Amino acid sequence: GAQPAAPVLDRPMTPAQAATAAAAAPATGPVTTQALDSYQLTMPKLRALAQAGQNMAALQARRPELRDSMRIPTMDPNLLYQKLNGIADVRDAVNRAGLTPEEYVVVMAALLQATVVHEMRSRGQTPPGNFNEGNAKFVADHWGEIQTMMSSVARPPSGPRQN
């Protein structure tokens, strides 16, 4: 059968769209339903995730040619894993934050999944499908701290701040 067209990441995706794309992604790599069901988010792991993101941003600032090789067409955490693991300097940037590329993508996918659940619940909606309830509760309990930490990664330090 024909593959559906991949959503383009040149325009921002909502977490729900990203989660849908990630869920539909071929599960070849460290991020599987089983991995997400058994992974427990912690603040130290999220701080390591944020640090790895900052390390990679600094690396891409020094070596702009890596930007193109790091680009992925859809929010497929396993495709991201292949990119992170396949470029030695990028792998090193993740390792320096205290994570393996495998763990980086599992933490990121677990956080994404739990964030979508939290945002749906905060709008009074019932999240569909299976998800890790412990991680959803963790995100709900630490929401302010997580938002602050992730916005520091998503936004380059020199860029204008939007509220």
Side-chain angles (χ1 to χ4, degrees), residues 1-119 127-132 134-136 138-139 146 149-157:
Q3 288 293 317
V8 180
L9 281 194
D10 293 336
R11 63 178 193 282
M13 290 176 95
T14 66
Q17 288 169 323
T20 303
T28 48
V31 179
T32 62
T33 308
Q34 291 84 349
L36 292 181
D37 284 348
S38 60
Y39 194 83
Q40 191 53 60
L41 290 170
T42 64
M43 285 315 292
K45 287 297 178 201
L46 292 186
R47 279 191 277 275
L49 180 74
Q51 183 61 57
Q54 287 166 339
N55 291 355
M56 285 189 284
L59 176 64
Q60 288 181 3
R62 285 197 312 274
R63 299 194 33 212
E65 78 279 3
L66 284 177
R67 266 191 210 125
D68 287 338
S69 49
M70 288 291 296
R71 221 165 251 148
I72 54 172
T74 61
M75 185 49 238
D76 178 345
N78 290 314
L79 184 57
L80 179 62
Y81 164 73
Q82 288 166 9
K83 299 270 186 185
L84 296 181
N85 203 43
I87 305 169
D89 288 345
V90 176
R91 191 169 58 235
D92 178 59
V94 174
N95 289 337
R96 281 201 322 273
L99 294 172
T100 63
E102 292 91 339
E103 193 168 23
Y104 177 88
V105 293
V106 172
V107 176
M108 190 189 73
L111 177 61
L112 184 65
Q113 181 190 67
T115 298
V116 171
V117 170
H118 173 70
E119 289 181 341
N130 292 335
F131 52 85
N132 184 316
N135 287 342
F138 174 84
V139 165
I146 290 169
M149 186 170 42
M150 287 304 146
S151 66
S152 73
V153 178
R155 187 182 301 123

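Along the sequence shown, residues carry numbers from 1. In what follows, every heavy atom counts, from backbone to side chain, and hydrogens, waters and symmetry copies are set aside. Bear in mind that the values here come from a model prediction, so they are computed numbers and not experimental data.
Not counting sequence neighbours, the partners of Ala114 by the side-chain contact (heavy atoms from CB on, under 4.5 Å) test are Leu41, Asn135, Val139. Asn95 pairs by the side-chain contact (heavy atoms from CB on, under 4.5 Å) definition with Arg91, Pro101, not counting sequence neighbours. Applying the ring pair (Phe, Tyr, Trp, His ring centres under 6.0 Å) rule to Phe138 yields the partners His142; only residues at least two apart in sequence or on another chain are considered. Qualifying side-chain contact (heavy atoms from CB on, under 4.5 Å) partners for Ala97, counting only residues two or more places apart in sequence or in other chains: Gln51, Ala52, Asn55. Residues that satisfy the side-chain hydrogen bond (donor to acceptor under 3.5 Å, both in side chains) test with Tyr104, not counting sequence neighbours, are absent from this structure. Every residue two or more places apart in sequence or in another chain that forms a salt bridge (charged side-chain N to carboxylate O under 4.0 Å, His left out) with Arg47 is listed here: Glu145. With sequence neighbours left out, the side-chain contact (heavy atoms from CB on, under 4.5 Å) criterion links Ser38 to no other residue. Listed by chain and number, the residues in a side-chain hydrogen bond (donor to acceptor under 3.5 Å, both in side chains) with Gln82 amount to none (sequence neighbours excluded). Residues satisfying the salt bridge (charged side-chain N to carboxylate O under 4.0 Å, His left out) criterion with Lys45, sequence neighbours excluded, are Glu103.
Atom CE of Met149 sits about 10.0 Å away from atom CD of Gln54, to the nearest 0.5 Å.
Listed by first then second residue, pairs satisfying salt bridge (Lys or Arg N to Asp or Glu O under 4.0 Å) with a partner in residues 29-39 number zero, not counting sequence neighbours. Residue pairs meeting the salt bridge (Lys or Arg N to Asp or Glu O under 4.0 Å) criterion with at least one partner in residues 80-90, sequence neighbours excluded, are Arg63-Asp89.
Residue Gln113 comes nearest to Asn132 through the heavy atom pair OE1-N, 3.4 Å, listed as atom of the first residue, atom of the second, then distance. Taking every heavy atom of both residues into account, Val107 and Tyr39 meet most closely at CG2-OH, 3.1 Å. Scanning both residues, Val105 and Pro30, for their nearest heavy atoms gives CG2-CG, 3.7 Å. The two atoms that bring Pro77 and Met108 nearest to each other are CB-CE, 4.4 Å, heavy atoms only. Smallest separation of non-hydrogen atoms from Val117 and Pro127: CG1-CG, 3.7 Å. Residues Ala61 and Pro64 come closest through the heavy atom pair O-CD, 4.0 Å.
You'll find the side chain of Met150 stays beyond 4.5 Å of the side chain of Thr115, heavy atoms only. In this structure, Met56 and Leu84 have side chains that are in contact, with non-hydrogen atoms separated by less than 4.5 Å. A 4.5 Å side-chain heavy-atom check between Thr33 and Asn130 finds every atom pair outside the cut-off.
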Pair Leu111, Ile146 - check side chain to side chain contact (heavy atoms under 4.5 Å, CB included), show working. CA-CA 9 Å; Leu111 177 61; Ile146 290 169; 4.0 Å; yes

